[in-house]
2 protein chains.
Amino acid sequence: MSEGVEWAVHCCVVLTSVAAPVPAARLAELHQVSPTYLAKQLQALARAGLVFSVQGKSGGYVLSRPPAEITLLDVVEAIDGPEPAFVCTEIRQRGPMATPAEYCTTPCPISRAMAASESARRDALRSVTIAGLAEQVEAGSGAGTLNGVAAWLGSTGT
Amino acid sequence: MSEGVEWAVHCCVVLTSVAAPVPAARLAELHQVSPTYLAKQLQALARAGLVFSVQGKSGGYVLSRPPAEITLLDVVEAIDGPEPAFVCTEIRQRGPMATPAEYCTTPCPISRAMAASESARRDALRSVTIAGLAEQVEAGSGAGTLNGVAAWLGSTGT
DNA sequence: CATACTCGGACATGTTTTATCCGAGTATAG
DNA sequence: CTATACTCGGATAAAACATGTCCGAGTATG
């Protein structure tokens with residue numbers, strides 16, 4: 001899985017507590033990661049419609065929806081792409097012992113099993129929201145943590 | 001996910017119906033895939049202990065256990081590696097607003113959610129056995145299909 | 001004992017991921 | 001109204017990984 005997924009999720013979580021747009025460079029500074037590469041991930045989030053990007057002097061990124069309506073699956077698919085990891089190449093229809101086409105109206109058993117596992121993974125990711133993650137962060141690191149981060153994001157110092 | 005996973009699973013399924021070792025080249029011919037690259041995947045299966053490799057004139061690969069005791073997860077991990085796709089880099093402990101170490105005794109919420117989704121996927125893959133897949137193939141393509149393939153694998157022609 | 005056939009690991013190639021840069025556009029300040 | 005400074009966005013390199021290939025080590029056969 002892409003490393004950028006982790007960065008993107010962290011960005012979404014901290015963005016839950018801000019109102020004004022936050023520049024990509026500031027988020028990169030907060031997380032100590034490559035500013036230009038993080039910018040790329042945020043662009044992907046914007047393309048997927050999870051965040052709004054506002055340009056100009058005091059621009060940046062803001063969540064486009066309430067955090068409770070953004071799931072972990074949304075973020076993962078925005079970065080890693082929505083295509084399933086396993087793609088059936090219909091091996092059964094190739095070679096000297098190929099299965100006749102009339103027996104291939106349904107996906108092959110292997111493909112079905114892989115699809116089921118992907119579905120399970122997606123369900124698990126879909127059941128977690130950004131709002132839920134933010135809540136757990138507050139529970140684990142003390143109430144007000146995110147507000148402190150938000151204040152730092154809004155300020156100008158380091 | 002690696003393309004080789006599909007090849008490896010198909011190989012395991014057809015190997016359920018043979019007793020004598022089958023050379024990698026023959027399996028490649030059956031599936032119309034690159035012989036040398038398939039050999040690589042079979043080596044990985046051997047390293048993982050899922051198949052035995054016998055050398056010499058009439059050598060090849062045989063399943064090392066009853067097909068009912070080989071899960072899809074075993075095969076996937078043998079090829080793609082057992083490491084989880086998501087690795088937490090502890091972003092929360094970096095940067096100017098780093099979470100103090102005393103709050104980091106448990107994995108961060110994001111890491112936990114990712115681990116849960118991976119676990120769901122692994123559970124789904126573990127619930128499917130090679131024997132079960134072989135059964136479904138027979139059910140879908142007609143009883144005796146695998147025996148026919150086994151006969152072809154044992155013969156010398158194309 | 002010679003031989004032919006097998007696996008096994010070391011060696012190139014192509015594609016995805018990672019990382020970077022500079023131009024297009026906009027709200028702000030004068 | 002104009003100039004400016006700051007933002008995003010897509011086009012551009014470098015690195016890592018998956019893909020594909022080759023030849024040598026070893027073993028059952030004849």
Side-chain angles (χ1 to χ4, degrees), chain A residues 1-8 11 15 18 20-29 31-62 64 76 78-87 89 91 153-154 156, chain B residues 1-8 11 15 18 20-29 31-64 76-81 83 85-87 89 91 153-154 156:
Chain A
M1 174 149 42
S2 173
E3 174 99 5
V5 170
E6 184 183 10
W7 301 3
C11 286
L15 283 179
V18 302
V22 181
R26 193 94 180 130
L27 288 166
E29 197 184 355
H31 294 135
Q32 299 259 292
V33 298
S34 161
T36 54
Y37 189 40
L38 178 62
K40 203 179 183 60
Q41 317 299 343
L42 292 171
Q43 283 171 32
L45 293 183
R47 264 195 299 272
L50 301 182
V51 300
F52 286 140
S53 68
V54 328
Q55 282 194 340
K57 191 166 171 63
S58 59
Y61 291 95
V62 199
S64 65
V76 170
I79 305 296
D80 268 4
E83 312 82 22
F86 179 89
V87 289
T89 60
I91 283 183
L153 284 172
T156 59
Chain B
M1 175 150 41
S2 174
E3 175 98 6
V5 171
E6 184 181 10
W7 301 4
C11 286
L15 283 179
V18 302
V22 181
R26 193 92 179 131
L27 287 167
E29 196 184 356
H31 294 135
Q32 300 259 291
V33 299
S34 160
T36 53
Y37 190 40
L38 178 62
K40 203 180 183 62
Q41 317 300 343
L42 292 171
Q43 282 171 34
L45 293 183
R47 264 194 298 272
L50 301 183
V51 300
F52 286 141
S53 69
V54 328
Q55 283 195 337
K57 191 166 170 62
S58 59
Y61 291 96
V62 200
L63 292 182
S64 65
V76 169
E77 292 201 331
I79 305 297
D80 267 6
E83 312 82 24
F86 180 90
V87 289
T89 60
I91 283 182
L153 283 172
T156 59

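To find a chain, count down the sequence lines: A is the first, B the second, and so on, and within it residues start at 1. Just so it is clear, the values below take in all heavy atoms, side chains as well, and ignore hydrogens, waters and symmetry mates. Here the structure is a predicted model, which is why all the values come from computation and not from measurement.
- Between B:Arg47 and C:dG9, a side-chain N or O to OP1/OP2 separation shorter than 4.0 Å is present.
- Rounded to whole Å, the distance from NZ on B:Lys57 to P on C:dC7 is 13 Å.
- Here the shortest heavy-atom pairing between A:Gly4 and A:Ile79 reads C-CG2, 4.2 Å.
- Rounded to whole angstrom, the span from the NZ atom of A:Lys40 across to the C1' atom of D:dG9 amounts to 10 Å.
- Computed from coordinates, the B:Tyr61 OH to C:dC5 P distance equals 18 Å when rounded to whole Å.
- When rounded to the nearest whole Å, the span between CH2 of B:Trp7 and C1' of D:dA18 equals 11 Å.
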Under the side-chain contact (heavy atoms from CB on, under 4.5 Å) criterion, do B:Leu153 and B:Leu27 qualify, and how do the steps go?
CA-CA 8 Å; B:Leu153 283 172; B:Leu27 287 167; 4.3 Å; yes
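- Atom OH of B:Tyr37 is separated from atom P of C:dT15 by 14 Å (rounded to the nearest Å).
- The phosphate of D:dC6 has neither OP1 nor OP2 within less than 4.0 Å of any side-chain N or O from A:Gln55.
- The phosphate of C:dG8 (OP1 or OP2) has a side-chain N or O of B:Ser53 nearer than 4.0 angstrom.
- What separates CD of A:Glu3 from P of C:dA19 is a distance of 7 Å, to the nearest Å.
- When the side-chain nitrogen and oxygen atoms of B:Ser58 are compared with OP1 and OP2 of C:dC5, none of them lie within a distance under 4.0 Å.
- Of the two residues contacting DNA chain D, namely B:Pro35 and B:Asp80, the nearest-nucleotide position lying further toward the 5' end is that of B:Asp80.
- Rounded to whole Å, atom C1' of D:dC8 lies 14 Å from atom CG of A:Leu45.
- When heavy atoms are screened at a 4.0 angstrom cut-off, A:Ala24 is found touching the sugar-phosphate backbone but no base atom.
- Side-chain nitrogen and oxygen atoms of A:Ser2 include at least one within less than 4.0 Å of the OP1 or OP2 phosphate oxygen of C:dT18.
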Donor-acceptor list for residues 32-57 of chain B side chains, cut-off 3.5 Å, not counting sequence neighbours:
unit_1	atom_1	unit_2	atom_2	d
B:Ser34	OG	B:Thr36	OG1	3.4
B:Ser34	OG	B:Tyr37	N	3.3
B:Tyr37	OH	B:Gln41	NE2	3.3

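- The CG atom of A:Leu42 sits 12 Å away from the C1' atom of D:dG9 (whole-angstrom rounding).
- When all heavy atoms are compared, the tightest approach of A:Pro21 to A:Pro23 is O-CD, 4.0 Å.
- Contact of the A:Met1 side chain with the A:Val76 side chain is registered, since non-hydrogen atoms from C-beta on lie closer than 4.5 Å.
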